[in-house]
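All remarks here apply to the structure that follows.
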Amino acid sequence: MDNTWLLALILGAVAIVLLLNSLIRKRTQVSSAFSTMDVMLKRRYDLIPNLVTAVEGYVKHEADVLNEVTRLRAQATSEGLSFDEAVKLNGEIDSAVRGILLTVENYPDLKASRSFLHLQRTLTEVEEQISAARRAYNASVQDYNNAVESVPTAFIARVAGFRERPFFEIPEDERSGSDTDKDSKGDM
Amino acid sequence: MDAPETFDEYYEPAVKPVLVRYERKRKTICLVLLALVIVAPIVLIGLMLAVARLDIPIISVPVFLGLVAIAASVWHVMWRQYVSRFKTDVVGTIVRLHSPHLRYAPKEYVGKDRFLESLIFQQRIDRYHGKDLVRGKIGLTELAFSWIHAEFKTTKTDKKGKEHTKWHTIFRGLFVIADFNKDFKGATVVIPDTTACIFGSVGRTILGIVTARPGKLVKLEDPEFEREFAVYGEDQVEARYVLSPALMERIRSYRKKIGTDMHISFVHSNIYVAIPVNGDTFEPCLFRSIVNRSLARRCFEALEQGTGIVEDLDLNTRIWSKG
């Protein structure tokens with residue numbers, strides 16, 4: 001009888017360790033996915049000065065648009081931003097960059113210039129990579145949150161202090177499948 | 001391009017005259033075969049009777065059989081040459097009319113190294129051959145496809161110590177390679193997800209554990225796509241970069257259009273598609289008239305299957321840094 005209890009105890013301990021390790025792995029996966037997304041976002045921040053430089057000579061009367069994106073970029077690259085602040089800022093940068101690209105539609109010379117075309121392609125590529133990183137991040141968050149909420153890992157999660165993580169909101173037009181490759185098709 | 005109308009437009013003026021020319025030759029070859037098959041046995045019987053009853057030397061029988069064997073070999077060469085010229089002329093005409101920038105080579109095929117590069121099929125290949133290579137450019141996309149038959153063998157030794165070799169098909173059908181419109185370094189493989197179709201999420205978990213695929217199972221957000229396909233990728237982010245929501249939708253539509261399961265992979269900025277096909281699409285039949293729309297249409301439809309991925313998967317949209 002004592003041996004049975006001992007065996008049950010050992011098996012229970014092993015199960016707890018396995019489940020705990022699984023939670024740790026999933027949490028690490030979320031952090032790793034967030035870092036990857038961060039790298040992609042930084043690539044976009046690095047492109048913004050190039051975009052502003054390429055466009056400002058042409059769009060003198062619409063300098064507000066350029067100033068806005070420059071301001072947002074400076075905020076996004078500053079230290080100590082919370083997750084929610086980063087999400088909000090990136091949404092605003094998304095809109096600001098799109099606004100600039102829409103403005104460029106009124107300047108055929110700029111639109112046709114080789115350097116601008118190259119920049120536009122690079123931006124499109126970076127946007128898609130950000131989108132992919134976001135999707136990967138959300139998938140890992142979903143996996144982690146499922147583990148935190150499901151029985152029996154939920155009990156271990158509560159005791160060990162694992163909490164649900166928020167998703168990175170995806171803009172409506174990406175969710176509906178009309179992503180940049182459809183939107184930009186007309187430009188090419 | 002709206003395929004049926006376009007095909008009908010050029011069948012009458014451009015394809016049918018070539019078929020009529022080859023139909024005459026086919027009839028001649030058919031007659032020669034029938035003559036061999038019908039006349040030779042009659043002559044042989046006559047000769048054997050003559051040997052038995054008259055003073056004809058018995059050696060005339062094996063000599064006659066030897067001549068028949070030579071005639072049969074000559075006939076076989078004649079038929080192979082006919083098939084080769086038929087393919088070059090007829091299929092070549094259909095290919096050129098379909099897309100002027102495509103070239104057809106009946107005896108060439110996608111190399112084994114490119115086949116293995118796709119990472120679609122994991123088995124060792126013991127025998128590999130193919131035919132009917134079509135290559136060229138459609139719009140901005142480089143493309144090549146051919147019919148491929150890849151096999152592996154198993155060997156068993158029976159109680160008497162004799163070895164028996166059995167051949168198993170790994171893949172038989174159309175194998176397509178195209179230059180993808182995005183740059184990426186790793187590999188992502190998309191395979192039909194029959195396990196998950198049958199067993200649901202439990203099946204998917206099992207698939208992730210037991211299948212020896214490159215990388216890890218990638219769980220995507222499109223439930224319809226997930227129901228039909230399982231995705232493996234070396235990099236979770238890159239797999240999602242390649243498989244955008246728009247592309248997933250197009251892959252599903254393309255699968256519905258061709259009406260069969262297919263395997264796809266994305267490796268080093270190329271896309272590979274393996275479409276299983278039974279039978280020989282471009283071969284004429286000896287005993288059936290070739291002046292029929294359905295034979296030419298079959299060629300055309302096979303071409304459409306190979307070239308269709310460019311339009312259906314929108315590979316000509318080049319808005320990323322890869323021009």
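The structure displayed is predicted, hence computed values, not measured ones. Protein chains get the first letters and strands the later ones, always in sequence-line order, with residue 1 at the start of each.
Within the structure, ring pair (Phe, Tyr, Trp, His ring centres under 6.0 Å) pairs that include any residue of residues 235-258 of chain B do not occur (at least two apart or interchain).
More than 12 non-hydrogen atoms from other residues, nucleotides or ligands lie less than 6.0 angstrom from CZ of Arg124(B). At most 12 heavy atoms of other shown residues, nucleotides or ligands fall within 6.0 angstrom of atom CZ in Arg158(A). A 6.0 Å sphere centred on NZ of Lys88(A) holds no more than 12 heavy atoms belonging to other residues, nucleotides or ligands. Summarising the local packing, CZ of Arg252(B) is surrounded by more than 12 heavy atoms from other residues, nucleotides or ligands at distances under 6.0 Å.
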- Item | Test side chain to side chain contact (heavy atoms under 4.5 Å, CB included) applied to Glu221(B) and Asn138(A), step by step | CA-CA 10 Å; Glu221(B) 318 76 13; Asn138(A) 284 345; over 6 Å; no
- Task: Output, in order, the C-alpha distance, side-chain angles, deciding distance and verdict of side chain to side chain contact (heavy atoms under 4.5 Å, CB included) for Lys219(B) and Gln142(A).
- Result: CA-CA 11 Å; Lys219(B) 295 177 195 171; Gln142(A) 182 168 36; over 6 Å; no
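A distance of 10.5 Å separates NZ in Lys182(B) from OG1 in Thr124(A), rounded to the nearest 0.5 Å. Atom-to-atom distance recorded for Arg135(A):CZ and Leu243(B):CG is 7.5 Å, nearest 0.5 angstrom.
Looking at Arg240(B), its side chain never comes within 3.5 Å of a backbone N or O of Arg134(A) through a donor-acceptor pair.
By the salt bridge (Lys or Arg N to Asp or Glu O under 4.0 Å) test, Arg96(B) is found to be paired with no residue, residues two or more places apart in sequence or in another chain being considered. Partners of Phe115(B) by ring-ring contact (aromatic ring centres under 6.0 Å, His included), not counting sequence neighbours, listed by chain and number: Phe121(B), Tyr128(B), Phe175(B).
By the 4.5 Å heavy-atom criterion applied to side chains, Ser140(A) and Gln236(B) are not counted as neighbours.
Interface residues of residues 17-42 of chain A toward chain B, defined by a heavy-atom distance below 4.5 Å and sorted by number: Thr36(A), Met40(A).
Between Val237(B) and Ala136(A), the shortest heavy-atom contact is CG2-CB, 3.7 Å.
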